[in-house]
Amino acid sequence: MSDSLLKLAKDSSSEKKHELAEHVTGLLVARADDPGSEETHLLNNMLEGVYDSLALDAKRKMSERLADVRSMSSKLAAAMASDELPVAQAILERSKSLREEDQRKIAETKDQGYLLALAKRDHVSNDISDILIKRGSKEVKHMLAANLGAEITMPVFESLVKDMPKQLGDRIRHLRKSNEELLEDLFRDDGEVAAGAELVKKQTKISPKAWLMGIRLGKTTLNKAVYQLAQEHNLLDAVALLSFFSGLDMKYVHNLMVRFDSTGIATVCRATGIGAMEFQAVCKERCKHLKFPESTGSKWLTNYHMLDDTDARRLLTLMKIKLKAIKHEQAA
């Protein structure tokens, strides 16, 4: 089957190749979280084989569909990322399949449109940031400075912010400073962080596993689950669900939930799509747990309204990357 499909891809007419590529792209999208299987490998091979013969518009549509697909091969991601900008943009901005070495090559050789797209990624490493700052236009540098997922040393960050409008620069400076403090706190011993008592398990009508199954089956939503658990005074089970959907270890989500500030848990909630009403219910229960006045929860909610979805998602990505790096260092 594998050989016959690859032969079909190579021998088909231009029109058939376009139809085949569209069909195979759909199959790969359906296997978005299945990167290691033989079938996924075959689908990637087929797309790699016909890619160069496709028209620009077909390539652009393919890149849009595959930009968020983790099972896309790094070879295919690199081919699209180095193509013409209408094709490359979605991959440069969003694809997790695009390796750092390919990002570096593009950052070192391509023009400003490509650099601007790289500056919008949820995570930009120190090495890539350095190249973008060195080669990038003012627009690229400003985008990078405003990207909370970009790793930039504070002296360099300050030099970039000075060149921005004051109000915007002050806002970004405040966000980056509070987020740097939050990231530092993740790696401190529990006794060094200003936080309340640990959450305890409470009786609930529906278990986290049952909520998760209902969400997966489309019978309920994460928002409904978190709201109901907050109403039942059960923040620990809410932490379990937020941990699953954020991809952040439960230990860290728990620590963020019992902190005396709201930056961390607001980030996790915003990044996982929790709405304002549901977050308000969480704030109300957090205030009870931490023995804070309800007015504190109102302030947390006001700050939540000011938190941008993109900023939250990028900070969450950066949290996970830094935690993963620490674990690798500890295991070495």
Exercise. Which atom names give the shortest non-hydrogen contact between Tyr114 and Ile106, and what distance separates them?
Worked result: CB-CG2, 4.0 Å
Exercise. Donor-acceptor pair, Thr296 side chain versus Phe292 backbone, under 3.5 Å?
Worked result: no
Exercise. More than 12 heavy atoms of other residues, nucleotides or ligands under 6.0 Å from NZ of Lys75: is that the case?
Worked result: no
Exercise. Could you state the interatomic distance from NZ (Lys59) to CG (Leu47), rounded to the nearest 0.5 Å?
Worked result: 12.5 Å
Exercise. Any salt bridge between Lys162 and Glu158, counting N to O under 4.0 Å?
Worked result: no
For this session: Check whether any side-chain heavy atom of Asp83 lies under 4.5 Å from a side-chain heavy atom of Ile91, and answer yes or no.
Result: no
Problem set entry | Lys61 NZ: over 12 foreign heavy atoms closer than 6.0 Å | no
Exercise. Do Glu285 and His233 get their side chains close enough for a donor-acceptor pair, meaning under 3.5 Å?
Worked result: yes
Problem set entry | Least distance between heavy atoms, Ala107 atom then Leu132 atom | CB-CD2, 4.2 Å
Problem set entry | Glu101 atom CD, over 12 foreign heavy atoms within 6.0 Å | yes
Exercise. Hey, does Gln228 have a side-chain heavy atom less than 4.5 Å from the side chain of Ile206?
Worked result: no
For this session: Scan Thr263, Asp261, Asn255 and name whichever one has a side-chain hydrogen bond (donor to acceptor under 3.5 Å, both in side chains) with Arg259.
Result: Asp261
Exercise. Between the main-chain N or O of Leu199 and the side-chain N or O of His254, is there a donor-acceptor pair closer than 3.5 Å?
Worked result: yes
For this session: Ignoring hydrogens and angles, tell me if any N or O in the side chain of Lys134 forms a donor-acceptor pair with the backbone of Ser129 under 3.5 Å.
Result: no
Exercise. Quick check: does any side chain N or O of Ser97 sit under 3.5 Å from a backbone N or O of Ala77, one acting as donor and the other as acceptor?
Worked result: no
Exercise. Does Pro208 offer a backbone N or O that forms a donor-acceptor pair with the side chain of Asp237 under 3.5 Å?
Worked result: no
Problem set entry | Thr40 backbone acceptor or donor facing Ser37 side chain under 3.5 Å | yes
Exercise. In terms of side-chain heavy atoms, does Ser295 have a donor or acceptor partner in Ser298 at a distance below 3.5 Å?
Worked result: no
Exercise. Would one find more than 12 heavy atoms of other residues, nucleotides or ligands at under 6.0 Å from atom NZ of Lys284?
Worked result: no
Exercise. Should the heavy atoms of other residues, nucleotides or ligands under 6.0 Å from CD of Glu139 be counted, would the total exceed 12?
Worked result: no
Exercise. More than 12 foreign heavy atoms under 6.0 Å from CD of Glu22: is that the case here?
Worked result: no
Exercise. Charged N to carboxylate O under 4.0 angstrom, Asp102 versus Lys105?
Worked result: no
For this session: Count the heavy atoms belonging to other residues, nucleotides or ligands that lie under 6.0 Å from NZ of Lys219, then report whether that count exceeds 12.
Result: no
Exercise. Ignoring hydrogens and geometry, is there a side-chain-to-backbone donor-acceptor pair from Arg286 to Met257 under 3.5 Å?
Worked result: yes
Exercise. Does CE belonging to Met154 count more than 12 external heavy atoms closer than 6.0 Å?
Worked result: yes
For this session: Starting at CZ of Arg31, measure out to CG of Leu27 and round the result to the nearest 0.5 Å.
Result: 8.0 Å
Exercise. Do Glu151 and Ser125 have side-chain atoms, one donor and one acceptor, less than 3.5 Å apart?
Worked result: no
Exercise. Hey, does the side chain of Ser74 reach the backbone of Leu98 with a donor-acceptor pair shorter than 3.5 angstrom?
Worked result: no
Exercise. Does any N or O in the side chain of Ser243 come within less than 3.5 Å of the main-chain N or O of Val253, such that one atom is a donor and the other an acceptor?
Worked result: no
For this session: For the pair Arg121 (side chain) and Ser95 (backbone), establish whether a donor and an acceptor sit closer than 3.5 Å, ignoring hydrogens and angles.
Result: yes
Problem set entry | Candidate pair Thr221 and Lys224, rule side chain to side chain contact (heavy atoms under 4.5 Å, CB included), full reasoning | CA-CA 5 Å; Thr221 65; Lys224 289 180 180 178; 3.3 Å; yes
Exercise. Distance from Asp57 atom CG to His18 atom NE2, nearest 0.5 Å?
Worked result: 8.5 Å
Exercise. How are the rings of Phe279 and Tyr304 set relative to one another: parallel (under 30°), tilted (30 to 60°) or perpendicular (over 60°)?
Worked result: parallel
Exercise. Would Lys251 and Asp249 pass as an ion pair if we require N to O under 4.0 Å?
Worked result: no
